[in-house]
Amino acid sequence: MQDIWNDLQAKAEAVSARPIISLFDDNAQRFSQFSAAHDGLLVDFSKTNIDADTLSSLQALAVAARVAEQRDAMFSGEAINVTEGRSVLHTALRPDPDRPVMVEGEDVTVEVRNSLARMEDFANGLRDGSIAAADGEAFTDVVNIGIGGSDLGPAMASLALSPFIGPIKPHFVSNIDGAHIADTLADLDPSRTLVIIASKTFTTIETLTNADTAVAWLKEELGEAFGQHLAAVSSAEEKTSAYGIANDRVFGFEDWVGGRYSMWGPVGLSLMIAIGPDNFADFLSGAQSIDKNFLEAAPEANLPLLFALVGLWHNNFCGYETRAVLPYDQRLALLPAYLQQLDMESNGKHTTKDGKAVASMTGPIVWGEPGTNGQHAFYQLLHQGTRIVPAEFLIAAESHEPGLKHQHDILKANCLAQSEALMVGTQKENPQPSPERRFDGNRPSVTIAYQQLTPFVLGQLVALYEHRVFVEGAVWGINSFDHFGVELGKK
Ligand code: F6P
């Protein structure tokens, strides 16, 4: 593996001054050769400095790191979270009927289906009013109280899928700052509101403090009937019942689901209530489509693998320390925050699985904002700063606002033009502009494109990022599934 690593380092050095645009000039097929699509999701990495030779070395690196074997171990329930002795089975939360997952002799997908069915009954009951508020009327709002993995997923997805929401509106409270819950509850009526306390451990100070505030708010209006307005999502049933939440209102999950990978199951309850079980099922199907691609596709058609290899190239061989996530999709405004936890909590590690210091850089710094807003702020640095920041653009062919098609056309044009401008700069201008107006170009980007931001597509996007994190962690030999750094912060 060291030989391949050294070879890639030499390659990166050799091509560092090569204009990316020259790769297009030399190869009319570059776009089709350096992009891949699966079930409508396109990952285009042609606007990077990767050539065929580099790509094959990166693929050899993945083989040498036994990425496929590590992937199979994860999907089949081996305890790959070695520091905590746990399986890592968020993929079993989007169960493929043809793929049982055996853990300690039992097919865990059976329990997953039962749990999904319970969530669906609850969500349907709330949505059709058969599970009513204390006064017998239907709920109109649901407040999810949780933080980190018990908040970011459903909060990000609820915003992303807002065209699918109704009749119950979701709200999210995470911060210990009382302003967060005060501002959220200020607009809500306790007699119409269901509160879900989401905490895997049911020990997190932010969540329990906000839960106490919400319970007091409910009690003031509803008296002892407040319990009808409460539910919990947790792996700690003894703690939820000690808190006074009826067991039939508690949605549990196993310790083989990490917080930041948990929105596919009970942590997604607020999302399921908001978008409905059918849309939630589409969301799971989207993730399943990428699971299948990751498991079965050849390296040249394997989206998560290719996406990860591009990430490794930029991080470990080109030396770029950050990656910018730039959704040209306002409803993906929370995606960068979601990915900060997914990527940085998973791969911000300095120790290999066997307890040694890592020999290379691990997880990069992830940041970003939706376009076009970012264009009027930090894109100055992207275009002319002294650091190179690989960009990840996300764009839909079609919006949910047919009456505003002209706006979506402008949005798309901006997205595509930015990736081109980052790559080309003013290199082809003659005469060359003065230095302060010159853009060197040669700044790489990946573009992820899809037809429309639907539940299925969102499931694909999140699974794509999850598996990219997995592949990168597997190549570095780290455990992407513990988070002792954050545990220290909690103390
Ligand atoms: O802050 C660390 C962390 O454990 C995250 O990984 C997790 O998502 C979050 O806290 C919330 O934890 P819990 O769901 O147990 O309240």
Side-chain angles (χ1 to χ4, degrees), residues 80-90 93 115 119 142-158 170 172-177 180-181 195-215 230-243 245 249-272 334-350 362-363 366 462 465-466 469-470 473 478-491:
I80 62 161
N81 176 353
V82 287
T83 50
E84 297 176 302
R86 291 178 184 163
S87 307
V88 173
L89 280 173
H90 48 281
L93 293 178
S115 160
M119 287 167 64
V142 58
V143 177
N144 184 85
I145 297 180
I147 196 163
S150 298
D151 164 72
L152 285 163
M156 179 277 290
S158 294
F172 297 88
V173 174
S174 53
N175 203 319
I176 190 72
D177 182 346
H180 199 180
I181 192 153
V195 173
I196 299 178
I197 308 170
S199 174
K200 182 176 170 184
T201 56
F202 225 75
T203 57
T204 306
I205 184 85
E206 289 92 337
T207 301
L208 295 185
T209 309
N210 279 321
D212 288 347
T213 303
V215 166
L230 266 190
V233 170
S234 182
S235 301
E237 211 173 89
E238 66 305 338
K239 293 203 173 74
T240 52
S241 54
Y243 195 84
I245 303 171
R249 287 290 185 95
V250 178
F251 297 82
F253 56 103
E254 302 295 328
D255 69 2
W256 41 254
V257 183
R260 55 194 175 272
Y261 296 90
S262 63
M263 76 161 136
W264 314 102
V267 167
L269 182 62
S270 51
L271 175 66
M272 185 194 270
L334 293 178
L335 184 68
Y338 174 81
L339 294 179
Q340 282 176 329
Q341 187 195 22
L342 178 67
D343 202 326
M344 294 163 81
E345 197 173 67
S346 297
N347 282 346
K349 305 285 166 65
H350 65 181
T362 58
V366 180
V462 177
Y465 275 99
E466 282 181 350
V469 165
F470 176 83
I478 58 176
N479 177 6
S480 301
F481 300 101
D482 59 13
H483 53 262
F484 292 109
V486 178
E487 294 299 334
L488 176 70
K490 277 189 182 179
K491 276 187 213 150

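Numbers here simply count residues along the sequence, with the first being 1. All ligand and atom numbering here is 1-based and tracks the order in the structure.
Distance check, rounded to the nearest 0.5 Å: OG of S199 to CD1 of I145 gives 11.0 Å.
Partners of K239 by side chain to side chain donor-acceptor pair (under 3.5 Å), not counting sequence neighbours: none found. Evaluation of the side chain to side chain donor-acceptor pair (under 3.5 Å) rule for E345 yields R260, Q341 as partners, not counting sequence neighbours.
Annotation for ligand 1: atoms under 4.0 Å from non-hydrogen atoms of Q341 are 5 (C), 6 (O), 8 (O). In summary, the atoms of ligand 1 found under 4.0 Å from a heavy atom of E345, numbered by their order in the structure, are 2 (C), 5 (C), 6 (O). Residue contact check: T204 has heavy atoms under 4.0 Å from atoms 12 (O), 13 (P), 15 (O), 16 (O) of ligand 1.
Look at E206 and you'll find every heavy atom at least 4.0 Å from all atoms of ligand 1.
Contact check for F481 versus V469: no side-chain heavy atoms found under the 4.5 Å cut-off. Annotation: side chain of I245 is in contact with side chain of F202 (closest heavy-atom distance under 4.5 Å). For the pair K349/D482, a side-chain contact is recorded, criterion being any heavy-atom separation below 4.5 Å from C-beta on. Put simply, the side chain of L152 does not reach to within 4.5 Å of the side chain of L334, judged on heavy atoms.
Taking atom 15 (O) of ligand 1 as the reference point, the nearest protein heavy-atom neighbour is T201 OG1, 2.6 Å. If you check which protein heavy atom lies closest to atom 1 (O) of ligand 1, you get V486 CG1, 2.8 Å. Protein heavy atom nearest atom 9 (C) of ligand 1, with residue, atom name and distance: I147 O, 3.6 Å.
Between S199 and ligand 1, an N or O atom pair is found at a separation short of 3.5 Å.
When the heavy-atom distances from atom 8 (O) of ligand 1 to G146, G149, S262 are ranked, the shortest goes to G149.
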